[in-house]
Amino acid sequence: MAEIDAETATDPYAEELARLARQARGRLESLARAGAVALPKSPELPAVSRPSPAIAPHDAEPAAEPPSVERPRPAPVASPVVERPRPAPPAVERPRPAAPPTPPRPIAAPSLFGSTGFSTPPLDPAERPAALAVLREEVAGCVRCPDLAASRTQTVFADGAATARLMFIGEAPGADEDRAGVPFVGKAGQLLTDMITKGMGLRREDVFIANILKCRPPDNRDPMPAEVANCVGYLDRQIEIVRPEFICLLGKVAAGTLLNTALSMGRLRGRWHRVHGIPTVATYHPAYLLRTPAAKKEAWEDLQMLMRAMGLVIPRKKA
Ligand code: URA
């Protein structure tokens, strides 16, 4: 290659070329010192092209086409220098960075199931109700949290189908649930039922509804960390038996526990997570929505995200 010398260059392009040549030579020498013997091809390198007419020197060749005909422009570069300093290309191929998480595809793809965090294969759907019944009995006799065991009317195991595609997970039973032995039957439960039926077009009995705690904390206080630690294993086993395709976490206790985070719901909602490898959405708790109706719009957006992934039809907005 002919040497290009900035000292003797007479026009700005020659100067620029000389500068680039020096830069390239320096880069190659430092790579060689680092042991590189070959360079990978860089497909995204912009083609070195003539400067655009706007900065062309006066003696540049005339444009081949009339200026009124707009040509596709090359990708803009920051300056005619063409290349910004880049990190040196690796001499050996490195493992590629993990692909960014992609939202689950409609009508769950096998790959989603293949990656559950459970070591056991899924139970045959026909066996799931019996497996849940055994677990329900175990929960009914639980006294791990002596205070809760003493104050409860009964444990509140779950509601819905053992073969549900979608599992909702709330916080803990309230007074109504403690009386009924069924989760989400009070005011917040009525709103959840509306979200499932009127919003998502599903039947409540087709989804599975459970809580982090199976006993009511007295005076509707938040679950204590020790209570969560004592109880969450039951929920893990419920998830393991039902193997829902999707999970929806209701409120910060469910989301904080299962996503192991202290982030606010505002930060957690609107995107996909995984719980035991299962695609999971977190949204506002129905009790919060009753207190803060303005948040219903966002909760509906979260449900629509879920519905799209599940391949459910999203009703058109009424005019
Ligand atoms: N709130 C919950 O989180 N769960 C219930 O079952 C009822 C109210």
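All ligand and atom numbering here is 1-based and tracks the order in the structure. FYI, side chains are in, hydrogens and waters are out, and symmetry mates aren't considered; it's all heavy atoms of this structure.
Contact atoms of ligand 1 toward Gly170: 3 (O) (distance under 4.0 Å to a heavy atom of the residue). Those atoms of ligand 1 that come under 4.0 Å of a heavy atom in Pro183, given as number and element, are 6 (O). Annotation for ligand 1: atoms under 4.0 Å from non-hydrogen atoms of His285 are 1 (N), 2 (C), 3 (O).
Residue pairs meeting the side chain to side chain donor-acceptor pair (under 3.5 Å) criterion with at least one member in residues 125-139, sequence neighbours excluded: Glu138-Arg237.
Looking at atom 4 (N) of ligand 1, its nearest protein heavy atom turns out to be Asn211 OD1, 2.8 Å.
Where the criterion is an N or O separation shorter than 3.5 Å, residue side chain and backbone included, Phe184 meets it with respect to ligand 1. Considering backbone and side-chain atoms together, Ala172 places an N or O closer than 3.5 Å to an N or O of ligand 1.
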Under the side chain to side chain contact (heavy atoms under 4.5 Å, CB included) rule, what do Leu213 and Leu148 come out as? Steps first, then yes or no, please.
CA-CA 10 Å; Leu213 289 199; Leu148 296 190; 4.1 Å; yes
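Within 6.0 Å of the CZ atom in Arg271, the count of heavy atoms belonging to other residues, nucleotides or ligands exceeds 12.
Between Met307 and Pro315, the closest heavy-atom pair is CE-CD, 4.1 Å.
In this structure, Gln154 contributes its side chain and Arg179 its backbone to a donor-acceptor pair below 3.5 Å. When atom types are taken as modelled, the side chain of Glu177 and the backbone of Ala172 share no donor-acceptor pair closer than 3.5 angstrom.
Here Glu171 has heavy atoms under 4.0 Å from ligand 1 in both its backbone and its side chain. Looking at Pro286 against ligand 1, nothing comes within 4.0 Å, counting heavy atoms. The residue Ala188 has no part lying near ligand 1, judged by heavy-atom distances below 4.0 Å.
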Donor-acceptor contacts, no H, no angles, side chain residues 187-197, under 3.5 Å, sequence neighbours left out:
residue: Gln190; atom: NE2; partner: Asp194; partner atom: OD1; Å: 3.2
residue: Thr193; atom: OG1; partner: Gly189; partner atom: O; Å: 2.8
residue: Thr193; atom: OG1; partner: Arg204; partner atom: NH1; Å: 3.1
residue: Thr197; atom: OG1; partner: Thr193; partner atom: O; Å: 2.7

